[in-house]
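Values in this document were obtained by computation on a predicted structure and should not be read as measured data.
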Amino acid sequence: MSDKKITRYNNEIAIIGMACRFPGANNYNEFWENLKNGVNSIKEISPERWDINKYYSPDINEPNKSISKWCGLVDDFDKFDNGFFNISPREAAHMYPQQRLLLEATWHCIEDSGMPLKRLQKKKTSVYVGVMAIDYHQEIAAANAETDSYTAAGNYESMLANRISFVFGLKGQSMSIDAACASSLVALHEAGLSLTHSKSDYAIAAGVSLNFHPFKYISFSKSGMLSPDGKCKTFDKDANGYVPGDGVGVLLLQRLEYAVKQNATIYGIIKGSAVNHTGNSLSLTSPSVEAQKEVLI
């Protein structure tokens with residue numbers, strides 16, 4: 001293909017590798033089947049996470065109780081082959097399970113792309129991870145929990161991206177991004193910028209979340225943000241809140257022109273992205289129609 005033909009791709013970004021784990025789905029094929037078949041993967045929160053008898057109440061005004069007891073739960077999140085990643089059992093025991101899920105999903109994403117890891121190591125490969133939940137940190141920092149030399153590095157948000165870069169030997173930018181519910185999209189946006197501005201040859205964009213602690217449920221419940229019936233009815237007149245869920249998703253990205261040159265598998269194309277803030281709106285968490293219109297211009 002000539003350079004003249006390649007210039008038509010401008011700064012478009014190709015998705016050349018994918019991996020995920022979501023409630024009831026260990027990979028994107030299972031997730032797609034669940035979507036096609038209308039599978040409801042929401043369950044009552046299991047005792048392994050927290051005791052809903054202690055923290056749930058249908059009365060929103062009851063102190064220290066959540067009006068929601070439902071979640072999209074990822075199974076077997078605690079099963080981790082630490083030896084495969086050359087991580088000692090002691091260090092693995094102090095790692096936030098979100099780090100473990102990210103390592104596994106990143107490996108599957110690289111495998112899925114067919115891109116040799118050595119190539120990603122030789123080139124400049126950046127990592128951007130969207131994150132919001134700090135539930136496990138709250139558990140491991142409790143007064144009766146044992147603190148180890150690995151505890152801080154195993155739980156600070158910054159280490160989610162840094163762990164990937166370290167384990168896989170990637171030398172580009174490595175950033176964990178907390179932009180609340182927009183974290184994964186902002187991570188994808190930053191990954192795209194690193195590619196279009198030639199700061200990276202490849203970029204990994206990811207997002208991860210696990211629910212371990214009732215703190216968020218209680219606070220969000222008091223704010224009227226959680227659905228009391230465990231159902232998301234987005235844009236519906238009966239919408240009454242959302243349902244939190246576990247999950248991890250990882251994409252490997254490359255500028256489209258180079259992906260075409262290398263005959264890479266292209267799952268999709270990102271034409272562009274933009275980020276802004278509502279500014280001073282009705283409340284700290286309220287969306288703005290005007291701001292959403294402006295970000296599209």
Quiz item: Do side-chain atoms of Lys222 reach the backbone of Ile60 as a donor and acceptor pair under 3.5 angstrom?
Solution: yes
Practice problem: Would you give the length of the straight line joining atom OG of Ser68 to atom NZ of Lys231, rounded to the nearest 0.5 angstrom? | Solution: 13.0 Å
Quiz item: Between Tyr96 and Glu157, is any side-chain donor less than 3.5 angstrom from a side-chain acceptor?
Solution: no
Quiz prompt | Set of side chain to side chain contact (heavy atoms under 4.5 Å, CB included) partners for Ile42, sequence neighbours left out | solution = Asn40, Trp70, Val243
Quiz item: Side chains of Val129 and Val127: closer than 4.5 Å at any heavy-atom pair?
Solution: yes
Quiz prompt | Ring centre gap for Phe166 and Phe85 strictly below 6.0 Å | solution = no
Quiz prompt | Separation of Glu30 CD from Cys20 SG (nearest 0.5 Å) | solution = 9.0 Å
Quiz prompt | Validation row: Cys71, Asn211 side chains within 4.5 angstrom (heavy atoms) | solution = yes
Quiz item: How far apart are the C-alpha atoms of Arg90 and Asp148, what are their side-chain angles, what is the distance that settles it, and do they pass the salt bridge (charged side-chain N to carboxylate O under 4.0 Å, His left out) test?
Solution: CA-CA 9 Å; Arg90 178 183 160 197; Asp148 187 270; 3.1 Å; yes
Quiz item: Hey, what do you get for CD (Glu104) to CD (Gln99), rounding to the nearest 0.5 Å?
Solution: 12.0 Å
Practice problem: Verify, without hydrogens or angle tests, whether Ser66 (side chain) and Ile218 (backbone) share a donor-acceptor contact under 3.5 angstrom. | Solution: no
Quiz prompt | Distance (rounded to the nearest 0.5 Å) between Gln98 CD and Ser176 OG | solution = 10.0 Å
Quiz prompt | Ion pair check, Arg163 and Glu91, cut-off under 4.0 Å | solution = yes
Practice problem: Determine whether Leu160 and Leu102 make a side-chain contact, defined as any pair of heavy atoms from C-beta on separated by less than 4.5 Å. | Solution: yes
Quiz item: In terms of hydrophobic clusters joined by side-chain contacts under 4.5 Å, are Val186 and Ile204 together?
Solution: no
Practice problem: Please report the C-alpha distance between Lys69 and Asp51 in whole Å, then the side-chain angles of each, then the deciding distance to 0.1 Å, and finally whether the salt bridge (charged side-chain N to carboxylate O under 4.0 Å, His left out) criterion is met. | Solution: CA-CA 10 Å; Lys69 58 178 178 179; Asp51 184 0; over 6 Å; no
Quiz item: With respect to Thr125, which candidate in Ile110, Leu170, Leu117, Ile164 satisfies the side chain to side chain contact (heavy atoms under 4.5 Å, CB included) definition?
Solution: Leu170
Exercise. Taking the side chain as every heavy atom from C-beta outward, state whether Asn37 and Trp32 have any atom pair closer than 4.5 Å.
Key: no
Quiz item: Under 3.5 Å, is there a donor-acceptor pair linking the side chains of Ser288 and Glu290?
Solution: no
Quiz item: Stepwise, does the side chain to side chain contact (heavy atoms under 4.5 Å, CB included) test hold for Met18 with Val250?
Solution: CA-CA 6 Å; Met18 302 192 301; Val250 182; over 6 Å; no
Quiz item: Atom OG of Ser227 and atom CZ of Phe220: how far apart are they, to the nearest 0.5 Å?
Solution: 14.5 Å
Quiz prompt | Cationic N near anionic O, under 4.0 Å, Lys122 to Asp201 | solution = no
Practice problem: Please say which of Ser165, Ser200, Ser174 ends up in a side chain to side chain contact (heavy atoms under 4.5 Å, CB included) with Ser126. | Solution: Ser200
Exercise. Answer with yes or no whether the hydrophobic clustering places Leu185 together with Val295; edges join I, L, V, M, F, W, Y residues whose side-chain heavy atoms lie under 4.5 Å apart.
Key: no
Quiz item: Do the non-hydrogen side-chain atoms of Leu188 and Leu251 ever get within less than 4.5 Å of each other?
Solution: yes
Quiz item: Ile52 and Leu226: same hydrophobic cluster, using ILVMFWY side-chain contacts below 4.5 Å?
Solution: yes
Quiz item: Of the options Arg119, Lys124, Lys123, which is the one that meets Tyr202 in a side chain to side chain donor-acceptor pair (under 3.5 Å)?
Solution: Arg119
Practice problem: Check for a donor-acceptor pair, side chain of Gln121 on one end and backbone N or O of Phe168 on the other, with a separation under 3.5 Å. | Solution: yes
Practice problem: Kindly compute the distance separating CG (Leu253) from CD1 (Ile269), expressed to the nearest 0.5 Å. | Solution: 12.5 Å
Quiz item: Cut-off 3.5 Å, side chains only: do Glu190 and Gln173 have a donor facing an acceptor?
Solution: no
Self-check item: Evaluation steps, side chain to side chain contact (heavy atoms under 4.5 Å, CB included), between Asp246 and Phe22
Solution: CA-CA 7 Å; Asp246 299 340; Phe22 295 127; over 6 Å; no
Exercise. For side chain to side chain contact (heavy atoms under 4.5 Å, CB included), just list the numbers for Leu256 and Ile266, CA-CA rounded to whole Å, side-chain angles, deciding distance to a tenth of an Å, and then say yes or no.
Key: CA-CA 9 Å; Leu256 179 59; Ile266 298 175; 3.7 Å; yes
Quiz item: If we only count heavy atoms from C-beta on, is the Lys216 to Pro244 side-chain gap below 4.5 Å?
Solution: yes
Quiz item: Within a strict 4.5 Å, meaning less than it, do heavy atoms of the Lys65 and Asp59 side chains meet?
Solution: no
Exercise. May I ask you to check whether Trp50 and Tyr217 place their ring centers less than 6.0 Å from one another?
Key: yes
